[in-house]
Amino acid sequence: MNKVIQKAAKVNHSKLCTSLLKWYDKEARKLPWRIPPELTKKGIKNDPYKIWISEIMLQQTGVKTVQTYYINFIKKWPKIQNLNEADENDVLKEWSGLGYYRRALNLKKCAEIICENYNGKFPNNENELLNLPGIGSYTAAAIISIAFDKPAIVIDGNIQRITSRLYEIKEDLKKSKSKIYEKLEKIISKERPGDFAQALMDLGSTICKPVNPKCNSCPLLKYCLAHKNNTYKFIPLKTKKLNKVIKKGYLYIGITTEEKIILIKRPKKGLLSGTICPPSSDWKQNEFPTPKPPFKGDWKILNESIFHSFTHFDLELKIMISKINEYPNDVYLEPLNSSILKSLPTVMKKGVALVIDNHII
DNA sequence: AATACGGGGGT
DNA sequence: ACCCCAGTATT
């Protein structure tokens with residue numbers, strides 16, 4: 001490439017960045033963890049703890065869903081020291097309904113490491129952040145740019161999509177990752193790295209959407225090759241969808257003589273990791289397994305099933321109920337009323353709600 | 001490189 | 001009934 005073209009490209013990158021930030025100054029979404037651009041420019045700094053919490057919650061979870069959880073979480077544990085002293089099961093309860101429960105376990109583990117090894121302060125370089133549980137390449141870069149306002153290449157689903165379209169990158173996302181990285185290196189703002197990253201996320205969420213992007217409102221319209229060539233509908237290339245399987249099993253609702261429901265803590269690994277739930281059977285593909293109730297009792301089965309859809313399979317659970325006289329001492333007992341529902345993962349919530357709503361007990 | 005890991009929102 | 005989403009850890 002000759003020097004004239006190179007220089008022209010550089011000017012273009014810088015203009016693109018300016019256009020984006022100008023748009024962000026006007027259109028930035030107001031979010032509970034965000035410091036708006038007018039205050040960032042005055043030098044108001046983010047609290048890395050809050051950015052971290054929000055970023056972990058936002059992993060594969062929508063902004064709308066996260067907001068309430070974030071506010072409640074920060075209210076309960078305003079500083080990392082509070083989280084460090086919190087009970088793991090309380091953190092999981094606060095997380096219930098958000099999904100990916102391993103995130104909550106890692107959150108707690110990470111708070112312990114930060115408090116014990118880092119004097120309660122987040123390290124401000126990517127490599128050290130990457131060594132912390134639950135922090136991968138995306139979140140490390142997000143914390144560096146948003147919380148510390150230092151340049152970092154933040155790549156999430158939105159930014160992959162925007163960059164692929166801007167430069168009309170047609171390869172599958174797996175293969176195009178390094179190309180996207182190189183393009184972003186050139187356009188990111190060195191002056192306002194945090195706002196730049198957040199601007200791209202807002203753009204992806206409100207304008208450069210997966211389907212029906214609002215190109216006419218896009219501040220980057222004139223830089224976008226996919227728009228120019230009308231290929232944006234196919235970019236980024238969509239990957240093949242996998243067929244879901246159906247699994248079946250039983251949920252065992254054991255009620256003590258004191259009218260309490262018996263719960264157990266699930267293993268730290270695997271589905272619903274570490275959450276406290278009514279015991280359930282194995283979940284067998286296509287057919288119900290042989291019922292093996294966890295406690296001795298006179299188990300009755302309900303007619304009605306509950307259904308729940310996970311990422312890679314659908315689940316049908318039949319509910320079994322029994323009064324229980326004897327049970328191990330490592331179980332958890334809770335009053336069987338609607339107040340326990342909020343601490344259960346959604347699939348379990350459905351099962352217990354069925355029992356409560358039908359006044360079966 | 002492929003797979004496991006939840007759940008809600010949008011269309 | 002699909003698809004999507006501010007991903008990470010494990011194998």
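Order of the sequence lines sets the chain letters (A, B, ...), proteins ahead of strands, with each chain counted from 1.
- Of the residues in residues 182-216 of chain A, not one comes within less than 4.0 Å of DNA chain B through any heavy atom.
- A side chain to side chain donor-acceptor pair (under 3.5 Å) check over residues 35-46 of chain A, counting only residues at least two apart or in different chains, returns the pairs A:D25-A:K41.
- The side-chain tip of A:K244 does not point at the ring of A:F313 from less than 6.0 angstrom away and within 45° of straight on.
- With hydrogens and angles ignored, the 3.5 Å screen pairs no side-chain donor or acceptor of A:N106 with any backbone N or O of A:R103.
- Separation of the A:H312 and A:F310 ring centroids does not fall under the 6.0 Å cut-off.
- Look at CG on A:N106: it is 19 Å from P on B:dA4, rounded to the nearest Å.
- Counting non-hydrogen atoms under 4.0 angstrom, A:W95 reaches nothing in the nucleic acid.
- For the pair A:K265 and A:Y332, the cation does not sit on the ring face, since its NZ or CZ is not both under 6.0 Å from the ring centre and inside 45° of the axis.
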Any protein N or O atoms within reach of nucleotides 5-8 of chain B? Criterion: under 3.5 Å, listing atom names and distances.
| from | atom 1 | to | atom 2 | distance (Å) |
| --- | --- | --- | --- | --- |
| B:dC5 | OP1 | A:L271 | N | 3.3 |
| B:dC5 | N3 | A:Y100 | OH | 3.4 |
| B:dG6 | OP1 | A:Y100 | N | 3.4 |
| B:dG6 | OP1 | A:Y101 | N | 3.1 |
| B:dG6 | OP2 | A:L272 | N | 2.6 |
| B:dG6 | O4' | A:Y100 | N | 3.0 |
| B:dG6 | N7 | A:T311 | OG1 | 2.4 |
| B:dG6 | O6 | A:Y100 | OH | 3.1 |
| B:dG6 | N1 | A:Q60 | O | 2.8 |
| B:dG6 | N2 | A:Q60 | O | 2.8 |
| B:dG6 | N2 | A:T61 | OG1 | 2.6 |
| B:dG7 | OP1 | A:Y101 | OH | 2.8 |
| B:dG7 | OP1 | A:T346 | N | 2.8 |
| B:dG7 | OP2 | A:H308 | NE2 | 2.8 |
| B:dG7 | O3' | A:G97 | O | 3.1 |
| B:dG7 | N2 | A:Q60 | O | 3.3 |
| B:dG8 | OP1 | A:T346 | OG1 | 3.4 |

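- One atom, CZ of A:F307, and another, P of C:dA1, lie 12 Å apart when rounded to the nearest Å.
- Side-chain atoms of A:E27 never come within 3.5 Å of backbone atoms of A:W23 as a donor-acceptor pair (strictly under, hydrogens ignored).
- A:Y327 is connected to A:Y250 through a chain of hydrophobic side-chain contacts under 4.5 Å among Ile, Leu, Val, Met, Phe, Trp and Tyr, so both are in one cluster.
- Side-chain atoms of A:T163 never come within 3.5 Å of backbone atoms of A:Q160 as a donor-acceptor pair (strictly under, hydrogens ignored).
- Of the possible polar contacts, one joining the A:K150 side chain to the A:N124 backbone as a donor-acceptor pair under 3.5 Å is found.
- Contact annotation for A:V154: no contact, since no heavy-atom pair falls under 4.0 Å across all strands.
- Computed from coordinates, the A:K177 NZ to C:dG7 P distance equals 10 Å when rounded to whole Å.
- Ring centroids of A:Y49 and A:F122 are separated by 6.0 Å or more, keeping the two rings apart.
- Between A:Y70 and A:F73, the distance from one ring center to the other does not fall under 6.0 angstrom.
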What dot-bracket string describes DNA chain B from 5' to 3', counting Watson-Crick and G-U wobble pairs whose defining distances are under 3.5 Å, with [ ] for crossing pairs and | for pairs to another strand? |||||.|||||
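- When heavy atoms are screened at a 4.0 angstrom cut-off, A:R161 is found touching the sugar-phosphate backbone but no base atom.
- At whole-Å resolution of the value, CG in A:L107 and C1' in C:dT8 are 13 Å apart.
- With sequence neighbours excluded, the residues that form a salt bridge (charged side-chain N to carboxylate O under 4.0 Å, His left out) with A:E171 are A:K179.
- Nucleotides C:dT11 and B:dG6 are separated by 16 Å at their P atoms, to the nearest Å.
- Going from atom CD1 of A:I56 over to atom P of C:dC5 covers 19 Å, rounded to whole Å.
- Rounded to an integer number of Å, the gap from CG of A:L237 to P of C:dC4 is 12 Å.
- Checked by atom type and distance alone, the side chain of A:R161 pairs as donor or acceptor with a backbone atom of A:C208 at under 3.5 Å.
- A cation-pi arrangement is present between A:K183 and A:Y167, with the terminal nitrogen or guanidinium carbon under 6.0 Å from the aromatic centre and inside a 45° cone about the axis.
- Looking at residues 125-152 of chain A, you'll see A:L132, A:P133, A:G134, A:I135, A:G136, A:S137, A:Y138, A:T139 sit with a heavy atom under 4.0 Å from some atom of DNA chain C.
- The CD atom of A:Q67 sits 13 Å away from the C1' atom of B:dG9 (whole-angstrom rounding).
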